[in-house]
Amino acid sequence: VSDLYFHPVFYGRQDATVESSSSSGHFPIHIYYPSYDGAVWTAPIRPGTYPLVIFAHGNRGPSDGMCPEDVSQDHRQWTAVLHLLARCGFVVAAPALHDIHAGSPGDAVTRIVETVRWMRNEWEGRVWLHIPLVHSDPLAIHSREQVMAELEICERLESRPETFASWSSGANIPFFLGAPTSLAFIGHSWGARACALAAHEDGMNVRGIGSLAGTWDHNDSLRAVLEANRPTVFITGTEDTMPMSYMNGLYNQLPEPTHHCALLGLDHWDWFASSGGLRPCDPNAPKPTCPGGWHLASELVLGFLVKHLRNRRIQPPYLLASTRDRPPIDHWFFDPPRCALAVRWRDPDSNSSQGPEGEVSVGSWDGPAPW
């Protein structure tokens with residue numbers, strides 16, 4: 001697979017429904033994936049081997065003053081941030097969580113876990129979410145002899161049920177797809193808390209946890225993110241006082257590697273492009289001082305994922321590298337200066353000249369960093 005981080009392709013989008021045997025019943029999910037076709041909605045997936053990212057959206061109510069008012073579509077509103085991940089070699093699935101009460105994170109955890117299992121077991125593109133045992137066409141019809149040979153190998157592996165699928169001939173024999181690709185959980189606000197809890201569930205084995213404006217006011221989820229012992233990234237806006245205040249006490253307790261990124265002037269819901277996603281219902285509401293917060297957030301999450309899921313150790317610990325064929329970001333900082341970003345990190349595995357611990361700022365940051 002070519003390096004899609006520097007040379008992104010088109011992306012596709014797809015709606016699907018997860019049929020659950022648990023109390024969650026069935027629920028919709030929205031999927032983003034790499035494609036060669038610019039059609040988006042009808043695009044076939046680009047063949048490859050892709051890590052899986054689960055995105056958990058936040059919980060909102062009338063007091064937040066955000067539109068569209070239909071919260072049932074919130075899992076589909078994050079395209080501005082998530083499409084770049086798909087263009088650069090990740091499959092992203094966002095389950096609907098709008099009907100789960102904010103005080104019931106366990107129900108959200110169940111949906112996150114079931115989304116992972118459905119994507120690996122049932123999704124039509126599941127073959128691309130596994131690392132094949134042999135270098136062969138994974139869509140080819142396998143002979144009974146080949147299936148039996150692969151099953152013999154499986155018996156020597158600590159395999160999980162989600163690595164199996166029905167044999168394409170219809171015979172009553174499982175076919176081993178290979179080991180699952182790497183997995184990460186990313187969440188916004190309340191969704192970040194659910195991601196931290198889901199990381200401890202059986203079979204999840206996440207390689208990274210990300211938070212966009214995470215609200216860590218739930219003791220169980222706070223303990224979960226501290227005890228996960230996984231790479232983390234926290235992205236906050238300086239006007240979003242609650243998540244910023246949590247980070248002041250949380251950052252030094254987090255296991256390494258960890259990255260904290262602060263965008264000057266952004267508030268809790270300022271992560272959307274002006275032409276899509278959630279927006280204030282009041283047309284006279286103040287505009288975010290950094291209108292490109294969605295673009296910078298997507299670059300930061302992408303940098304985190306390629307560093308820790310794709311093992312790109314040369315990725316700088318502040319997570320931003322040359323965009324090459326990706327949309328440029330410098331104009332948000334310098335032409336004219338509209339945005340400012342500060343990043344601090346503790347990353348003992350970093351091969352960067354910036355060292356295993358430090359901080360940098362970019363753009364028109366007026367005064368010291370917020371920490």
Side-chain angles (χ1 to χ4, degrees), residues 13-32 41 52-83 85-86 91-119 122-123 184-199 201 209-218 220-221 224 235 240 242-243 267-273 275-282 285 294 297-298 301:
R13 295 172 65 181
Q14 181 184 109
D15 287 314
T17 300
V18 173
E19 298 292 343
S20 170
S21 59
S22 72
S23 58
S24 293
H26 63 275
F27 56 92
I29 64 173
H30 196 61
I31 305 168
Y32 305 84
W41 284 106
L52 176 62
V53 179
I54 305 300
F55 179 80
H57 64 83
N59 185 288
R60 65 185 174 107
S63 61
D64 292 306
M66 302 300 292
C67 284
E69 295 182 355
D70 181 8
V71 298
S72 70
Q73 299 301 303
D74 279 12
H75 67 296
R76 304 173 76 244
Q77 301 288 1
W78 284 84
T79 300
V81 174
L82 301 178
H83 82 286
L85 308 183
V91 170
V92 185
L97 304 172
H98 64 280
D99 55 336
I100 294 177
H101 190 274
S104 304
D107 293 336
V109 168
T110 297
R111 286 201 183 170
I112 291 171
V113 170
E114 292 190 342
T115 299
V116 173
R117 291 175 175 159
W118 187 89
M119 290 294 292
E122 306 294 335
W123 182 48
F185 292 157
I186 309 292
H188 170 251
S189 186
W190 167 87
R193 301 190 327 216
C195 286
L197 291 166
E201 294 294 302
I209 302 171
S211 165
L212 276 158
T215 50
W216 302 101
D217 55 350
H218 186 279
D220 289 345
S221 57
I235 304 174
D240 196 5
M242 186 179 292
D267 210 334
H268 197 68
W269 296 102
D270 291 341
W271 306 101
F272 304 92
S275 59
L278 299 175
R279 63 189 184 280
C281 296
D282 180 2
W294 58 274
S298 66
V301 173

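As the structure is a prediction and not an experimental result, all values here were calculated from the model.
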First locate atom CG of Asp64, then atom CG of Asn59, and finally report the distance between them rounded to the nearest 0.5 Å. 8.5 Å
Out of His57, His188, His83, which residue meets the ring pair (Phe, Tyr, Trp, His ring centres under 6.0 Å) rule with Trp78? His188
Using 0.5 Å steps for rounding, measure from the CD1 atom of Ile100 to the CZ atom of Arg111. 4.0 Å
Scanning both residues in full, the closest heavy-atom pair of Gly277 with Phe272 reads CA-CD2, 3.8 Å
Within this structure, what is the SG-CD1 distance for the pair Cys195 and Ile54, rounded to the nearest 0.5 Å? 8.5 Å
Counting only N and O atoms by type, is there a donor-acceptor contact under 3.5 Å from the side chain of Arg193 to the main-chain atoms of His218? no
Between atom NE2 of His75 and atom NE2 of His98, what is the distance when rounded to the nearest 0.5 Å? 8.0 Å
Of Val18, Thr17, Leu97, the one forming a side-chain contact (heavy atoms from CB on, under 4.5 Å) with Phe27 is Val18
Check Arg76 with Asp70, please: is the shortest side-chain N to carboxylate O separation under 4.0 Å? no
Could you measure the distance from the OG1 atom of Thr115 to the CZ atom of Phe185? Nearest 0.5 Å is fine. 9.0 Å
Side-chain contact, heavy-atom cut-off 4.5 Å: Pro68 with Gln77? yes
What pairs with Asp220 under salt bridge (Lys or Arg N to Asp or Glu O under 4.0 Å), at least two apart in sequence or on another chain? Arg223
